[in-house]
Amino acid sequence: QVQLAESGGGLVQAGGSLRLSCAASGGSISDYRMGWFRQAPGKEREFVAAISYYGGRTNYADSVKGRFTVSRDNAKNTVFLQMASLKPEDTAVYYCAANQLPDVTSRQYTYWGRGTQVTVSS
């Protein structure tokens, strides 16, 4: 069973950038499709991005396309979410997740981290 731990969140001004990391333990992330989700206060958790086992396929929510980039380093057992041109509406707790099925369009994930807070000030 893989355990996931996010880091890299913080407070940033609108227009700024942040890079989130998700470190895995207890298993190799090369066996998993990895995803990022976020949940803002009072809202449901929403999909942000996903990446296939070796990074050949990615999928993004329309709201982040062109601004966010998901990547992975299987040798370091870590997944990243590079966020640029941040907006106040990107404020949320960001979670990484893992699933062994390959479809990057699927929203089904088995393992979840505890999240990291991202706050974008206007």
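Note that the coordinates shown come from a computational prediction; the quantities given were computed from them, not determined experimentally. Residue indices begin at 1 and follow the sequence shown.
For the pair Arg107 and Phe47, the cation-pi test (distance below 6.0 Å, angle within 45°) is passed.
Residues Asn77 and Ser28 form a side-chain contact, since some pair of their non-hydrogen atoms from C-beta on lies under 4.5 Å apart. You'll find the side chain of Ser17 reaches within 4.5 Å of the side chain of Gln82, heavy atoms only. Between Gln39 and Tyr94 the shortest side-chain heavy-atom distance does not fall below 4.5 Å. Residues Leu20 and Phe80 form no side-chain contact, since every pair of their non-hydrogen atoms from C-beta on lies 4.5 Å or further apart. Inter-residue side-chain proximity for Val104 and Ile51 is flagged as unmet; no heavy-atom pair is nearer than 4.5 Å. When side chains are defined from C-beta on, Thr119 does not count as touching Val12, because their heavy atoms never get closer than 4.5 Å.
Taking each heavy atom of Gly8 and Leu18 in turn, the nearest pair found is O-CD2, 3.8 Å. The two residues Ser30 and Asn74 have their closest heavy-atom pair at CB-ND2, 3.5 Å.
Judged by distance alone, with hydrogens and angles left aside, the side-chain atoms of Arg33 form a donor-acceptor pair with the main-chain N or O of Asp103 at under 3.5 Å.
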Apply side chain to side chain contact (heavy atoms under 4.5 Å, CB included) to the pair Arg38 and Arg45, showing each step before the final yes or no. CA-CA 5 Å; Arg38 66 186 182 186; Arg45 186 170 58 194; over 6 Å; no
Ser85 vs Arg67, test: side chain to side chain contact (heavy atoms under 4.5 Å, CB included). Steps then yes/no. CA-CA 6 Å; Ser85 302; Arg67 299 189 299 121; 4.0 Å; yes
Side chain to side chain contact (heavy atoms under 4.5 Å, CB included) assessment of Val2 paired with Leu4: CA-CA 7 Å; Val2 65; Leu4 305 173; 4.1 Å; yes
Any chance you could lay out the side chain to side chain contact (heavy atoms under 4.5 Å, CB included) test for Thr116 and Val93, step after step, and finish with the verdict? CA-CA 5 Å; Thr116 185; Val93 177; 6.0 Å; no
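Between Glu6 and Arg114 there is no salt bridge, since none of the side-chain N atoms of the basic residue sits less than 4.0 Å from a carboxylate O of the acidic one. Residues Lys87 and Asp90 are not paired through a salt bridge, judged by the lack of any N-O separation under 4.0 Å between the basic side chain and the carboxylate.
Atom NZ of residue Lys43 and atom CD of residue Glu89 lie 8.5 Å apart, to the nearest 0.5 angstrom. Within the model, atoms SG of Cys22 and CH2 of Trp112 stand 11.0 Å from one another, a figure rounded to the nearest 0.5 Å. With rounding to the nearest 0.5 angstrom, the CG atom of Asp73 is 10.5 Å from the OG atom of Ser21. We find the CE-OG1 distance between Met34 and Thr78 to be 9.0 Å, quoted to the nearest 0.5 Å. With rounding to the nearest 0.5 angstrom, the OG1 atom of Thr105 is 11.0 Å from the CD atom of Gln108. In this structure, CD on Gln1 lies 10.0 Å from OG on Ser25, to the nearest 0.5 angstrom.
Under the 3.5 Å distance criterion, with hydrogens and angles disregarded, no donor-acceptor pair is assigned to the side chains of Arg57 and Asn59.
Tyr95 and Tyr111 end up in different hydrophobic clusters when Ile, Leu, Val, Met, Phe, Trp and Tyr side chains are linked at under 4.5 Å. No chain of hydrophobic side-chain contacts below 4.5 Å, direct or via other Ile, Leu, Val, Met, Phe, Trp or Tyr residues, connects Val79 to Tyr109.
Evaluation of the ring-ring contact (aromatic ring centres under 6.0 Å, His included) test over residues 52-71, restricted to residues two or more places apart or in two chains, returns none.
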